[in-house]
S.K.: 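Below is a structure I'd like to ask you about.
Being a predicted model, the structure only gives us computed values, none of them experimental. Order of the sequence lines fixes the chain letters, A, B, ..., with proteins taken first and strands second; residue numbering starts at 1 for each chain.
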Number of protein chains: 2
Amino acid sequence: MPETQFAVASAAAPPLASLTRPARLPARSRVVGENFTLLFEGGRNRSLFRVLDGCIVLSQLLDDGRRQITDVLGPGRLFGFTIDGRNIATAETLSIARIEALGDAELLANNSAIAGELKTTLHRLQAHATLLGRKTASEKVASALVELSRIFSHSGRNGNPARLSFHLHLTRADLADWLGLTVETVSRCLNRFKREGLIDFSHPKTMRLLDPERLEAAAGFTRQRLAGSGRPPS
Amino acid sequence: MPETQFAVASAAAPPLASLTRPARLPARSRVVGENFTLLFEGGRNRSLFRVLDGCIVLSQLLDDGRRQITDVLGPGRLFGFTIDGRNIATAETLSIARIEALGDAELLANNSAIAGELKTTLHRLQAHATLLGRKTASEKVASALVELSRIFSHSGRNGNPARLSFHLHLTRADLADWLGLTVETVSRCLNRFKREGLIDFSHPKTMRLLDPERLEAAAGFTRQRLAGSGRPPS
DNA sequence: AAACTGCGTTGACAGCTGTCAACCCTCCTC
DNA sequence: GAGGAGGGTTGACAGCTGTCAACGCAGTTT
């Protein structure tokens, strides 16, 4: 495997973003290797987990093996939600990842925060459903690049400059499973964007956005905010 | 319009719910007409709502008008979740519907119930993402029929017999927007299922499942439960 | 009764994306 | 260094599904 951005770091000290709780890590924090399945859909689980570092994806399988990645999680996101004690989704690492289990006390204390996370996830999943159902292959790949840059760029102090370059944790196959495409289509789109000067990559996973604005346009915006307010029925 | 299950009620008074508060319903309950947009994505809203009767869909729009229905709600489901006071999704009625606003007191009292509803919705949305990204047109339509029969069949005392016949609240266009297809493809699939004896409908919205088992098979199951338990990382 | 509208169905055709295959490259093992 | 495995790219081709168009039908209006 090509060294991930954690390879060196995890050898020495905590890598990038030893954020959240750099020193004295809580006892429940844990480092997990690449391509490791943390939770199985339908499996029993009594904890919530927070991503401290790295990349984790949630997925679902059809009986014949078709896979759909439903969300890509970066630092800060929570996962491990259950219904009747059973995991809603399969969770696997795409990089060396650091995660933290949330204890019951924390759960209760952060109850509204957890509801907020649930709503955020709901919102993301809705947007992704729109992508899956109503966007073309090009729009899907462009959307993915914009989204992943937001999740995994080391948000530079100014915001913009650092956003241009980031590590694509997903393989072409992962991207395909996320976007409802095939590896070939993903590859073709990426290389077309490269030829057109929208993006650049030497290593397949080292991505740089050369023209974020055109890329966002190519992503086919979802309307972010409606100008008018809603019409509450009461 | 063909009579919905509410047609009688609406015949007495003006068809499209001018009725707001028919008989002695709880103060916050309300009847809304067909094809009425209750909430706009991005609009302000301070209440949660519960569907008491009828059919409500959540949707999202792209700038050019492409629409994606992200969930279909029947009796019992909650909607109106917000992030920063802004609606996550657009909500519109597909039938005359009865809804109920949940007050703050109820909200606090039902906090865990609400988290449960959020998780249920998350689960449904995930399954739908898998449908959108990884199922064929036939599988999508078959899945939709099975799903809608579960939501809208008047759950007979025995369960099964009543499940066979139900009112399809969605038009072909709604189905298309839900499944990420076109009306033509939806229509072709439905009529093929009809020719093959899987379903039957005289009126386009009066659906009957003649062979639920074959239909479920045609839907391409998502693996419901994993035998083994998950592997919690702590 | 005629015309109109919305919705649904059906056919012909096109094209986007999937399928199949070959090949390249890097990394790893032996 | 040879060989193998995994991931990525590219080309040829096919087919599923979208596009475009015509038509039917029911309900409503004029």
S.K.: Can you tell which of dG18(C), dG18(D), dG8(D) lies closest to the side chain of T182(B)?
M.R.: dG18(D)
S.K.: So does R192(B) have more than 12 non-hydrogen atoms from other groups sitting under 6.0 Å from CZ?
M.R.: yes
S.K.: Nearest whole angstrom, please: distance from the P of dT9(D) to the CZ of F193(A).
M.R.: 14 Å
S.K.: Please tell me if N191(B) has a side-chain N or O lying less than 4.0 Å from either OP1 or OP2 of dG8(C).
M.R.: no
S.K.: Checking contacts here: which listed nucleotide (dT17(C), dG7(D), dT9(C)) is nearest the side-chain heavy atoms of T171(A)?
M.R.: dG7(D)
S.K.: Starting at atom CZ of R192(A), determine the distance to atom C1' of dG11(D), rounded to an integer number of angstrom.
M.R.: 16 Å
S.K.: Could you state the atom-to-atom distance from NZ of K194(B) to C1' of dT10(C) in whole Å?
M.R.: 13 Å
S.K.: What's the closest nucleotide to the side chain of E184(A) if the choices are dG11(D), dG8(C), dG18(D)?
M.R.: dG11(D)
S.K.: Over all strands shown, is L190(B) touching base, sugar-phosphate only, or nothing at heavy-atom distances under 4.0 angstrom?
M.R.: nothing
S.K.: Do D177(B) and R172(B) have side chains that approach each other closer than 4.5 Å (heavy atoms only, starting at C-beta)?
M.R.: no
S.K.: In whole Å, I'd like the distance from the NZ atom of K205(B) to the P atom of dA26(D).
M.R.: 16 Å
S.K.: So, applying side-chain contact (heavy atoms from CB on, under 4.5 Å) with I199(A), which one of L210(A), N191(A), V141(A), L145(A) is it?
M.R.: L145(A)
S.K.: From CZ of F201(B) over to P of dA26(D), roughly how many Å is that when rounded to an integer?
M.R.: 14 Å
S.K.: Return no unless some side-chain N or O of T185(B) is found under 4.0 Å from OP1 or OP2 of dG18(D).
M.R.: yes
S.K.: Using a strict threshold of under 4.0 Å (side-chain N to carboxylate O), is an ion pair present between R124(A) and E147(A)?
M.R.: yes
S.K.: Round to the nearest Å and state the distance from R134(B) atom CZ to dC16(D) atom P.
M.R.: 17 Å
S.K.: Rounded off to whole Å, could you give me the CG-to-P distance for the L170(A) and dG6(D) pair?
M.R.: 19 Å
S.K.: Is the closest basic N to carboxylate O distance between R150(A) and E216(A) below 4.0 Å?
M.R.: yes
S.K.: May I have the distance from I199(A) (atom CD1) to dG8(D) (atom P), rounded to whole angstrom?
M.R.: 13 Å
S.K.: In terms of the nearest nucleotide of DNA chain C, which residue is placed more toward the 5' end: A173(B) or R188(B)?
M.R.: A173(B)
S.K.: Would you indicate which nucleotide in dG11(D), dG8(C), dT17(D) comes nearest to any side-chain atom of T136(B)?
M.R.: dT17(D)
